[in-house]
Protein chains: 2
Amino acid sequence: MNARRKFRREGEERRRQDLIDATLDSVAEHGLEGATVRTIALRAGVTAGLIRHYFPGKEDLLQEAYAALMSRMTEQAKAALAMEDASPRQRLAAFVTANLNAPIIDQRVFSLWATFIGRAGADPTLARAHREGYLGFRNEVETVVAEVLAAEQRKPDAAELRHHAIAINAIIDGLWIEGCLAGEMFSPGELAAIGIKAVEAELGLAQERGEDQ
Amino acid sequence: MNARRKFRREGEERRRQDLIDATLDSVAEHGLEGATVRTIALRAGVTAGLIRHYFPGKEDLLQEAYAALMSRMTEQAKAALAMEDASPRQRLAAFVTANLNAPIIDQRVFSLWATFIGRAGADPTLARAHREGYLGFRNEVETVVAEVLAAEQRKPDAAELRHHAIAINAIIDGLWIEGCLAGEMFSPGELAAIGIKAVEAELGLAQERGEDQ
DNA sequence: AGGCTATTTATACACTTGCACAACAACGCC
DNA sequence: GGCGTTGTTGTGCAAGTGTATAAATAGCCT
């Protein structure tokens, strides 16, 4: 009767990844409260005890899951800036477009982000992780902005540059949220179009083919 | 030994408010997971059983707490638009300023917002509540934008107006997040100044040369 | 003052939680 | 093939969870 469950031994890295993915899935679906070791283990296709074999405790698993999430998000976002042979302005537009379409616009990722970041006020570790991610992102923006303005023969000072980066960052973040939470209210590409126009207005760039007054 | 704890009978409305406030405090501090009936009751200065006397269950208390939070947030935000005797442009600037300073820029409120909104993907009730709040907010923005542009003798069509409202909403939301999460990185009034400039750029308004703060 | 009643406390209960640990079995190595 | 290592399971446990319910008492009405 007492037939023990069959199992396969997986590589350590694979198991850890599976557990982290299962954690993110659980958090996205039921929130931090619903992400119990048993739920997570079930989703990963193992039993609860195994978690403690790979992580010192549940809290550590959550930490690593959040780190993995952040890393994936920023990685995808920055990838859009990698185009070498484009003009600064094109690269900026591509950056905005990439951030306002799938897979970065995604309800599940947003749920995860919101759930974790909600604890940043109480958890200093989390707060610092966010701070660093945010500054890194803003720095990328500032670099491109500098290039765009340089290509237009404009010499902004540091404060001006910083303000532009903050504003553009806000535009992208704000539209990202709107898209994640109410994506079906926008036609495909609409958010990106709004974002590009707003960013170019912020930088005082002439609209390319403007019928807009 | 078995001295029963002294207590005072409070009015129903008062007790419900206290319990809701205690709930929001608990959620802000320890997240949804840490907001147990006992924690909440302790904070409200009562014992756990009393919660069930005022609310059918814990879930209902959380629902009402979220509703109360949203109501306070939108109420404060809209109040800034109430100035009757100002020009549309001044009212828009005041709106932006109000949304980018205390008490709307507040880490605790942000934590609450993020914690609750993180469950919008899974909880349709929550998602609808947010949707309505968001559309109401955007509508307010759209109305002021229409007035501002009208005062400048411009006649935007509906689509243009909608895009402006979406963009401005994004600017405010994005800067709100930055301010809540990293408020000490900005000097007082800086976010508001950035916001006003970005909004005016989005609308194509000539920058005022002067002492706006 | 003395009851009446609804508010409030206190206790109980079934269930879930994270974690500890012993038994087991999959897989590499000889 | 047998064997040892260790990844994996299953069970147990104390603490904590939401809820149910009985007992107590504060405050109003007369």
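Among the nucleotides D:dT19, C:dA25, D:dG10, the one closest to the side chain of A:F7 is C:dA25.
In this structure the side chain of B:T39 never reaches within 4.5 angstrom of the side chain of B:E29, judged on heavy atoms. Using a 4.5 Å heavy-atom cutoff, the side chains of B:M70 and B:F116 are not in contact.
Remark: B:S87 engages B:R89, B:Q90 in a side chain to side chain contact (heavy atoms under 4.5 Å, CB included) (not counting sequence neighbours). Residues meeting the ring-ring contact (aromatic ring centres under 6.0 Å, His included) test with B:F137, sequence neighbours left out: B:F95. Every residue meeting the side chain to side chain contact (heavy atoms under 4.5 Å, CB included) condition with B:L135, not counting sequence neighbours, appears here in chain and number order: A:M185, B:R131, B:R138. The side chain to side chain contact (heavy atoms under 4.5 Å, CB included) search around A:V46 returns A:R15, A:L19, A:A41, A:A44, A:L50, not counting sequence neighbours. With sequence neighbours left out, the side chain to side chain donor-acceptor pair (under 3.5 Å) criterion links A:Q76 to no other residue. The salt bridge (charged side-chain N to carboxylate O under 4.0 Å, His left out) search around A:D18 returns A:R14, not counting sequence neighbours. When the side chain to side chain contact (heavy atoms under 4.5 Å, CB included) test is applied to B:A120, the partners found at least two apart in sequence or on another chain are A:L181, B:I117, B:A127.
Contact annotation for A:E12: no contact, since no heavy-atom pair falls under 4.0 Å across all strands. At a threshold of 4.0 angstrom between heavy atoms, the contacts of A:R15 are confined to the sugar-phosphate backbone, with no base atom among them. B:R8 comes within 4.0 angstrom of sugar-phosphate atoms only, judged by non-hydrogen atoms across all strands, and of no base.
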Enumerate donor-acceptor pairs with a distance under 3.5 Å from any side-chain N or O in residues 59-68 of chain A to protein atoms, sequence neighbours excluded.
unit_1	atom_1	unit_2	atom_2	d
A:E59	OE2	A:R119	NH2	3.2
A:D60	OD1	A:G57	N	3.4
A:E64	OE1	A:R16	NH1	3.3

Anything under 3.5 Å between a donor and an acceptor, one on a side chain of residues 106-113 of chain A, the other on a protein residue two or more places apart or in another chain? List them.
unit_1	atom_1	unit_2	atom_2	d
A:D106	OD2	A:R108	N	3.2
A:D106	OD2	A:V109	N	2.9
A:R108	NE	A:D25	OD1	3.3
A:R108	NH2	A:D25	OD1	2.8
A:S111	OG	A:Q107	O	3.4
A:S111	OG	B:G118	O	3.2

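Taking atom CD of B:E10 as the reference point, atom P of D:dC28 lies 12 Å away to the nearest angstrom. In this structure, NZ of A:K6 is placed 12 Å from P of D:dG10, rounded to the nearest angstrom. The interatomic distance linking A:L19 (CG) with C:dG18 (C1') rounds to 15 Å, in whole Å. When the P atom of C:dT8 is taken as reference, atom CZ of B:R4 falls 13 Å away, rounded to whole Å. One can place CG of A:L50 at 14 Å from P of C:dC19, the figure rounded to the nearest angstrom. Between B:I51 atom CD1 and C:dA10 atom P there is a gap of 15 Å when expressed in whole angstrom units.
Of all the residues in residues 24-35 of chain A, A:A35 reach under 4.0 Å from DNA chain C with at least one non-hydrogen atom. Non-hydrogen atoms lying under 4.0 Å from DNA chain C are contributed by B:H53, B:Y54, all within residues 53-63 of chain B.
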Pairs under 3.5 angstrom, nitrogen or oxygen only, protein versus nucleotides 2-5 of chain D, please.
none

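Residue-to-nucleotide proximity on DNA chain D shows that, of A:R38 and B:T39, the 5′-proximal contact is made by A:R38.
To the nearest 0.5 Å, atom CZ of residue B:R43 and atom CD1 of residue B:I40 are 10.0 Å apart.
OP1 or OP2 of D:dT8 has not a single side-chain nitrogen or oxygen of A:T47 nearer than 4.0 Å.
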